[in-house]
A.B. asks: 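Handing you this structure, nothing more for now.
To find a chain, count down the sequence lines: A is the first, B the second, and so on, and within it residues start at 1.
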Amino acid sequence: MPSVLLSTLGGLLALMGITRSVRPRCPTKTAAPGFFDAHRATSSLNSVYAFVDSLYRYPIKGLTPESLDHVVLGSGQAFPADRLFALAKPSGLYDADNFVPLSKREYFVLLDTDRLAGLAARFNPETWQLQVTVQEHSVLEVDLSTPAGRDEFVELYSRVADLPEGVRTVLAQQKGFNFTDNAIDGPRMMNTISLVNRASIRDLEHRSDRKLDPLRFRSNVYLDGLEAWVEREWIGQVLRLGDVTVRVLEETERCAATEVDPSTAKRDIPVPRLLNEHYGHEMMGVFAEVLEGGPIAVGDPVSPCDRKRIDAVDADREMSA
Amino acid sequence: MSSFLVVARRRLLTRDVCEFVLRRADNSALPPKEPGAHINVDTPSGETRSYSLTGAVHDRSRHIIAVRRDEDGRGGSRSMVDEVAEGDELRVSLPHNDFALEDAPGFLLVAAGIGITPIRAMALELRRRGIRDVHLVYLSRSPEETPYLDELQTFLATDEPGAIIVHHRREHGAFDWWPLLEHPAQRRLYVCGPLALQSELRALTMHWRPSRVHMENFSGVSAFGEISLPFRAVWQPKGAEFSGSVDVTVPAGQTFLSALRAEDIDVASSCESGTCGTCRLRLIAGEADHRDVVLTEQERAHYVMPCVSRARSDVLVVAPLS
């Protein structure tokens, strides 16, 4: 490896495959071997700067994302105002009064209803006001806390889902529950946040020669400045995202919802098949539980958590348990 | 099935669009046709081309088509406009309709350039049926490049303002669609024009009921460019000899899996993209068109993944694993 390449930060970043400009913030943590690059643990990686690229919530399952600059995560909690509602299929298994967690098949999602991506929905969790736009034109402005507002909302989406006249989708909402796909695996998995490494998406783009909008993966936290696919080695590891500590629990196996382009609402690229073809798996991203809550903002550094802190967190949790 | 028709008349509608009136040599009635239908014509170049029928469809004595001479094409349309003379015979297929005009109390018809041909047939037919709530938006570059302009303006001129909007992009710039699209009500939208126009209107009608938005497109081509023809399947679970098997029709635009579910057949699934293996069914008879990445060569004779796979034979007989 020519040492001249390594003599500048730019050279190092180029070597690491980092193409976007790095924010002029000082990295505050040093990387443990195996964190940023599981396969190159002997490389000098201390000055690589991994950071939070973007933050999103999806207040209504299946509908469009809302970008956030910052958010405050609660310990043991899911991403705030994420998948608070879902559109349940008519005459399906959803029963508001005797609720049990259900498969995503019981709700309208991009898996089979690609047009949901064509309407932009914005929800204000403080006021419960919801606005839906089509190419910047408003088609619905309602208060979801009122029956009339919910009716109007349900009417619009029943039409979009092409339900027969008079048949309505059900706006599902349960106190203390969110409708993430893995909510069916119990409260611990329901109360996770999703992370995606943008470098892994770029690697798939490069190998498949396809442009992939990161929002196909509908993640809460997008990370950048990492090597591609390092997140696959993170299961069980503890990370710091800004002031937040999380433990990575599981990988995210991808389904046909990722085939839909979020900007055109067209099913156009077979993402799970491309993953299978190029890597022999269908993973993109991980789920993590929040061990220590706090604020997190775009640009915040991402780093492995040091042993002392992990021990302290674990002791705390044992105490409270 | 095809037959030879005589060119009874040809006339240039614009500098590069030529109309042909086709009839049988003995003047007998042609097979019935619907608005939106097309015929395949063997052009003098040897290429077969599809042309929408554009005249009044209830008149069974003739087919009318209009052909735009495509300078950069493979020669089919060029040979039609340059070589076909009155009195010539052309080999023509039966009319086929992928763009059927369905009932509604109101219609918004959109045509761009030569896309006017099926839309004109629709406008004529709707007028004949006495449907008043019909708006036609006709986009073209300039008045000189607008086939049937005068005729349509005269024909559709009503007391109702806005029944026909002719918009010449070269003179007027971009068209503001939103006032026409904001409130879908019970109307149907029919669009015939280039892909860019179809994409624009699709994006602007996301709040419409999708089954009321009609665009002439290449039906049967899946999202990833594979040809997906309709087929039949038989669901034959254990004990079907007592409870009866279920016949399932899988249309071009639907997956085998969702067609099964539409018949209340519950098949577990997860990825729905042919990678996870959850929806595996036993293949009892028929030849499958396997599009998954799960089954091995040996397994393919006995199993099928209905989320992505289709049929090579006319019928597939399938059953659950247990």
Side-chain angles (χ1 to χ4, degrees), chain A residues 64 89 91-93 103-105 109-120 132-140 155-165 181 210 253-261 263-277 280-283, chain B residues 104 176-186 195-196 198-213 215 217 221-226 228 253-255 257-259 261-262 264 266-279 291-294 305 307-309:
Chain A
T64 45
K89 293 190 174 169
S91 55
L93 298 176
S103 147
K104 62 188 165 191
R105 276 173 48 201
V109 290
L110 294 171
L111 182 64
D112 54 6
T113 314
D114 17 336
R115 290 172 72 92
L116 295 179
L119 298 102
V132 180
T133 57
V134 170
Q135 303 291 307
E136 314 298 325
H137 301 287
S138 182
V139 293
L140 188 78
E155 191 191 326
L156 171 64
Y157 279 92
S158 301
R159 195 165 79 209
V160 170
D162 220 347
L163 297 179
E165 292 287 355
D181 284 349
R210 305 283 195 122
E253 193 162 12
R254 293 302 173 171
C255 74
T258 56
E259 294 171 350
V260 179
D261 181 331
S263 60
T264 64
K266 281 185 182 161
R267 194 173 295 280
D268 58 352
I269 299 179
V271 172
R273 302 177 69 120
L274 292 179
L275 285 166
N276 181 285
E277 181 186 331
H281 65 71
E282 294 87 49
M283 304 297 176
Chain B
D176 179 14
W177 292 105
W178 192 246
L180 289 170
L181 299 175
E182 183 174 4
H183 303 291
Q186 301 299 311
L195 220 50
Q198 291 184 25
S199 296
E200 183 186 5
L201 288 174
R202 182 179 184 272
L204 282 166
T205 52
M206 283 292 164
H207 58 305
W208 283 52
R209 186 175 279 284
S211 56
R212 297 227 169 99
V213 176
M215 304 198 182
N217 50 25
V221 178
S222 81
F224 312 127
E226 295 154 318
S228 293
Q254 196 176 23
T255 65
L257 180 67
S258 59
R261 286 185 180 154
D264 282 330
D266 190 36
V267 178
S269 72
S270 179
C271 76
E272 300 197 10
S273 55
T275 57
C276 76
T278 309
C279 65
R291 298 181 177 182
D292 62 279
V293 294
V294 177
M305 310 300 310
C307 69
V308 291
S309 296

A.B. asks: At a 4.5 Å cut-off on heavy atoms, which part of A:N276 comes close to chain B: side chain, backbone, both, or neither?
C.D. replies: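 For A:N276, the contact with chain B is made by the side chain alone.
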A.B. asks: Need one label for A:K266: side chain, backbone, both or neither, based on atoms under 4.5 Å from any heavy atom in chain B.
C.D. replies: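 Its backbone and side chain both get close to chain B.
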A.B. asks: Can you say whether B:S258 sits under 4.5 Å from chain A via the side chain, the backbone, both, or neither, judging by heavy atoms?
C.D. replies: neither
A.B. asks: Heavy-atom pairs under 4.5 Å with chain B: which of A:K104, A:E253, A:R254, A:E282 has the most?
C.D. replies: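 Result: the option with the highest number of such pairs is A:E282.
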A.B. asks: Measuring heavy-atom distances to chain A, does B:Q186 have an atom under 4.5 Å in its side chain, in its backbone, in both, or in neither?
C.D. replies: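 Just the side chain, heavy atoms under 4.5 Å.
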A.B. asks: Answer yes when A:E259 and A:R267 have at least one side-chain N-carboxylate O distance shorter than 4.0 Å, and no when they do not.
C.D. replies: yes
A.B. asks: Sequence neighbours left out, what passes side-chain contact (heavy atoms from CB on, under 4.5 Å) with B:D266? Give chain and number order.
C.D. replies: A:R105
A.B. asks: Does a salt bridge link A:E165 with B:R212, judged by any charged N lying under 4.0 Å from a carboxylate O?
C.D. replies: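 A salt bridge is present here (some side-chain N lies under 4.0 Å from a carboxylate O).
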A.B. asks: For A:T264, is it the side chain, the backbone, both or neither that has a heavy atom under 4.5 Å from a heavy atom of chain B?
C.D. replies: backbone
A.B. asks: Under a 3.5 Å distance rule, please check whether B:H207 uses its side chain to pair with a backbone N or O of A:L156 as donor and acceptor.
C.D. replies: no
A.B. asks: Name the region of A:V139, side chain, backbone, both or neither, that has any atom closer than 4.5 Å to a heavy atom of chain B.
C.D. replies: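 The side chain, not the backbone.
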A.B. asks: Side chain, backbone, both or neither: which part of B:T255 has a non-hydrogen atom closer than 4.5 Å to chain A?
C.D. replies: neither
A.B. asks: For A:V260, does its backbone N or O pair with a side-chain atom of A:D114 as donor and acceptor, under 3.5 Å?
C.D. replies: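 Here the side-chain-to-backbone pair does not exist.
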A.B. asks: Can you tell whether the side chains of A:E277 and A:R210 come within less than 4.0 Å, N to carboxylate O?
C.D. replies: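 No.
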A.B. asks: Measure distances from A:L163 to the heavy atoms of chain B and classify the residue's part below 4.5 Å as side chain, backbone, both or neither.
C.D. replies: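 A:L163 touches chain B through backbone heavy atoms alone.
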